[in-house]
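Comments concern the structure below.
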There are 2 protein chains.
Amino acid sequence: MNPPTIKDVAKAANVSVATVSRVLHNLTGFSDKTKQKVLQAVEELGYQPNAIARGLINKRTQTIGVLFPDVSSNFSSDILHGVEDAAHEKGFSVIVCNTAEDGKRTMKYLQVLREKQIDGIVFTSEFLKDEYYEALNDMRVPVVLVNTQTHKHMIPYVKVDDRQAAYQATDYLIRNGHREIAMISGTLTDPIAGTPRVEGYKQALADHGIEVDEDRIAYGNFGYESGRQAMHKLLAEAPSFTAVFAASDEMAVGAMGAAFEKGLKIPDDLSIIGYDDLNISRMIYPPLTTVHQPLADMGRLATEKLIALIENTSQVSSSIVSHYIVERQTVRKLP
Amino acid sequence: MNPPTIKDVAKAANVSVATVSRVLHNLTGFSDKTKQKVLQAVEELGYQPNAIARGLINKRTQTIGVLFPDVSSNFSSDILHGVEDAAHEKGFSVIVCNTAEDGKRTMKYLQVLREKQIDGIVFTSEFLKDEYYEALNDMRVPVVLVNTQTHKHMIPYVKVDDRQAAYQATDYLIRNGHREIAMISGTLTDPIAGTPRVEGYKQALADHGIEVDEDRIAYGNFGYESGRQAMHKLLAEAPSFTAVFAASDEMAVGAMGAAFEKGLKIPDDLSIIGYDDLNISRMIYPPLTTVHQPLADMGRLATEKLIALIENTSQVSSSIVSHYIVERQTVRKLP
DNA sequence: ATGAAAGCGCTAACAA
DNA sequence: TTGTTAGCGCTTTCAT
């Protein structure tokens with residue numbers, strides 16, 4: 001009735017449980033004949049090891065947790081894909097945690113993960129509050145950050161250089177002959193994806209001797225609708241501009257929608273460059289020129305780091321991964 | 001050094017482990033004074049229960065597994081969102097499994113989930129092969145299917161009526177005055193999302209006395225690029241048509257791209273209706289009219305069913321959830 | 001080469 | 001109301 005245990009196998013093979021364990025783990029100390037007996041018993045009974053019992057004694061569950069502010073976003077799911085892939089490769093399972101808006105469930109989840117004795121955590125796209133840090137620290141498991149970082153604590157992270165990426169996006173526009181460049185920024189209070197991108201934009205303008213005009217900067221929350229509204233605002237209130245740098249692809253797409261609504265043609269009447277390189281960017285028309293962030297790779301890299309830490313084969317180390325501009329069809333070269 | 005166990009708490013509170021367990025579970029049989037002592041010890045030591053040990057004895061891990069052919073697709077991540085949400089609400093964690101192209105990793109994952117003693121499985125968007133069924137059956141845990149189904153076995157599923165939804169999409173086009181209607185189908189070998197949608201399309205035409213022309217049907221694999229190609233093929237080879245029904249939003253978006261490339265205006269020159277209602281559909285321009293599938297709700301419902309089954313508070317039951325057409329701006333009313 | 005036995009941290013009879 | 005104890009299924013000394 002109940003699934004067979006190692007005891008049942010031992011009995012069937014006429015050996016002790018210790019021996020069964022030995023052959024199952026390919027240790028030493030058993031004859032070839034015993035091995036056959038055991039393997040046959042395993043086969044006949046359809047025995048499957050119980051990872052829970054194993055975990056209780058090994059103090060390892062071969063499971064990691066990954067936290068996202070919004071699992072269903074395109075952004076998160078790309079990262080998840082990389083995480084899952086790397087984890088699976090190394091023999092780990094991954095528990096997904098959706099921390100929901102403003103990390104409402106973060107603490108709760110940390111608690112759950114702790115009780116479930118997970119071996120490590122990938123923490124993504126959310127600012128690491130002190131409260132979280134304390135909890136994480138209490139758990140005594142390795143943590144790797146993706147798309148966020150902390151200077152306060154020694155926690156490895158994997159992200160792109162947001163400031164530099166924004167700089168280059170703006171610079172790209174300038175090299176294409178644009179001088180009147182607007183920006184649609186994300187929330188300024190976001191210390192990772194907010195401020196640095198605006199700074200990069202400003203710096204690029206400054207380095208080219210272009211005056212920064214705050215009226216050409218509109219703010220959104222990285223989402224589609226906010227991008228659409230920001231663009232409408234810009235179109236209505238800002239000094240004229242020939243190009244826009246949006247701090248996220250979703251906002252860029254929203255901005256394009258707004259432009260279309262006003263009868264503008266892209267890139268003929270207005271150029272636009274995004275940030276992220278989500279799938280949607282190559283699917284819309286015209287395909288969006290944008291800054292590519294290797295999200296899946298970042299998830300993968302973070303997970304590999306995490307597992308190395310778990311198996312303590314490595315020291316804590318962070319990575320700035322490289323971004324690049326994907327030239328598609330939303331930026332026009334000005335004469 | 002090591003995290004405190006129930007024993008440590010017992011010692012600190014000067015009671016037995018049984019008593020600690022009792023107050024922690026709010027059972028009966030302890031005085032208020034003991035309760036205070038225990039709670040205080042818990043507090044002081046920062047005790048956290050070990051779910052692994054608990055699972056070993058309860059034979060319940062409060063964890064479910066969910067399998068996707070492609071976690072990073074928009075489609076999967078919406079379902080995942082619903083699953084995660086419902087699971088979290090009921091006190092379950094979810095392990096995500098990406099079965100990869102053609103279910104390469106499905107069997108492997110089923111094995112892992114089994115060893116990890118998960119309490120149930122949500123199986124999505126993939127045809128349930130006999131091999132999978134056998135494995136699932138061996139595991140003796142409840143399973144709920146999402147977006148797929150099986151007639152051969154008694155496994156509850158949650159999905160929309162694909163045939164009817166396709167019928168209605170086509171009918172919608174007809175009611176808007178279209179009579180020359182092409183279709184971009186998914187893979188015909190897909191018994192869930194392939195054939196039924198084509199049948200629904202044909203039936204709708206037939207019911208309106210419109211002859212079905214096989215040359216107006218092109219085939220893709222549900223993905224963007226295949227939709228783009230299918231549309232190019234249709235435009236080049238098919239008899240003229242004024243509207244297209246695409247069996248997935250991604251293909252619809254690809255088809256729109258192809259149309260734009262040919263200088264066609266949507267919906268002025270060509271109407272198009274999609275299927276799925278992914279986020280992208282409302283973000284592109286013009287926003288795509290499509291058949292809404294409540295993916296997150298489906299994930300949620302399936303998970304609730306699953307958990308009910310786990311806690312055997314219910315009998316096996318399937319649900320056909322309702323779809324509806326979201327009218328946006330890609331279908332033009334013909335005079 | 002093999003087995004006996006002691007736990008891992010917890011729950012749940014069963015006693016007291 | 002409280003404690004003792006026997007496991008859950010497994011790994012790992014330590015004997016033999």
Side-chain angles (χ1 to χ4, degrees), chain A residues 1-39 41-42 45-63 112-119 139-140, chain B residues 1-39 41-42 45-63 112-119 139-140:
Chain A
M1 191 62 225
N2 278 328
T5 74
I6 197 173
K7 263 189 194 163
D8 299 317
V9 176
K11 204 166 297 169
N14 252 305
V15 296
S16 72
V17 295
T19 299
V20 175
S21 181
R22 284 186 190 104
V23 349
L24 257 27
H25 288 274
N26 244 312
L27 302 179
T28 55
F30 52 82
S31 67
D32 222 55
K33 213 178 66 206
T34 349
K35 178 171 173 177
Q36 298 316 321
K37 277 197 302 185
V38 171
L39 259 22
V42 165
L45 298 176
Y47 168 76
Q48 302 281 142
N50 180 328
I52 295 298
R54 194 175 273 168
L56 183 56
I57 179 160
N58 290 338
K59 284 146 176 356
R60 276 274 291 277
T61 51
Q62 299 294 122
T63 303
V112 171
L113 292 177
R114 178 183 195 157
E115 293 191 5
K116 293 225 162 118
Q117 313 291 124
I118 48 98
D119 301 330
M139 295 176 68
R140 309 184 151 285
Chain B
M1 189 60 223
N2 279 328
T5 74
I6 197 174
K7 265 189 194 163
D8 299 318
V9 176
K11 204 166 298 169
N14 254 305
V15 296
S16 72
V17 294
T19 298
V20 176
S21 181
R22 282 184 192 106
V23 349
L24 256 28
H25 289 273
N26 244 312
L27 302 179
T28 56
F30 51 83
S31 66
D32 222 55
K33 213 178 67 206
T34 352
K35 179 172 172 176
Q36 298 316 322
K37 275 197 303 184
V38 171
L39 260 22
V42 165
L45 298 176
Y47 168 76
Q48 302 281 142
N50 180 328
I52 294 299
R54 194 175 272 167
L56 182 56
I57 178 160
N58 289 339
K59 282 142 175 0
R60 276 273 292 278
T61 51
Q62 299 294 121
T63 302
V112 170
L113 292 177
R114 178 182 194 157
E115 294 190 5
K116 293 226 163 117
Q117 315 291 123
I118 49 96
D119 301 330
M139 296 175 67
R140 312 183 149 285

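Order of the sequence lines fixes the chain letters, A, B, ..., with proteins taken first and strands second; residue numbering starts at 1 for each chain. Just so you know, these numbers use all the heavy atoms, side chains as well, and skip hydrogens, waters and symmetry mates.
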Does a nitrogen or oxygen in the side chain of B/Thr19 sit under 4.0 Å from OP1 or OP2 of D/dT1? no
Under 4.0 Å between a side-chain N or O of B/Ser31 and OP1 or OP2 of D/dT2? yes
Separation of [X] atom [atom1] from [N] atom [atom2], in whole Å?
X	N	atom1	atom2	result
B/Lys37	D/dT2	NZ	C1'	10 Å
A/Lys116	C/dG9	NZ	C1'	17 Å
B/Asp8	C/dC8	CG	P	11 Å
A/Asn14	C/dT2	CG	P	12 Å
B/Leu24	C/dA12	CG	C1'	15 Å
A/Gln62	D/dT11	CD	P	12 Å

With heavy atoms under 4.0 Å as the rule, sort A/Thr28 into base, sugar-phosphate or nothing. nothing
Produce the list of close N/O pairs, under 3.5 Å, pairing protein atoms with atoms of nucleotides 6-10 of chain D; give distances to one decimal.
unit_1	atom_1	unit_2	atom_2	d
D/dC8	O3'	B/Lys59	NZ	3.2
D/dG9	OP1	B/Lys59	NZ	2.9
D/dG9	N2	A/Ala53	O	3.4
D/dC10	OP1	A/Tyr47	OH	2.5
D/dC10	OP1	A/Asn50	N	3.1
D/dC10	OP2	A/Ile6	N	2.4

Quantify the bending of the helix from C/dA1-D/dT16 to C/dA16-D/dT1 as the angle between its end axes, each fitted on five pairs, to 10°. 40°
Quick one, A/Val42 and A/Val23 - any side-chain contact, counting heavy atoms below 4.5 Å? no
With a 4.5 Å limit on heavy-atom distance, are the side chains of B/Lys116 and A/Gln62 in contact? yes
Could you list, one pair per line, each protein nitrogen or oxygen that sits under 3.5 Å from a nitrogen or oxygen of nucleotides 13-15 of chain D, together with the distance?
none

I need the [X] [atom1] to [Y] [atom2] distance, nearest 0.5 Å.
X	Y	atom1	atom2	value
A/Leu24	A/Lys35	CG	NZ	10.5 Å
A/Asn2	A/Asp8	CG	CG	9.0 Å
A/Thr5	A/Lys7	OG1	NZ	6.5 Å
B/Ile118	B/Thr63	CD1	OG1	8.5 Å

With A/Tyr47 as reference, evaluate A/Val9, A/Val20, A/Val38 under the side chain to side chain contact (heavy atoms under 4.5 Å, CB included) test and give the passing residue. A/Val9
Which atom pair, heavy atoms only, marks the closest approach of [X] to [Y]?
X	Y	result
A/Ala12	A/Ala41	CB-CB, 4.0 Å
B/Lys37	B/Asn14	NZ-O, 4.2 Å
B/Asp119	B/Lys59	OD1-O, 4.4 Å
A/Leu45	A/Pro4	O-CG, 3.4 Å

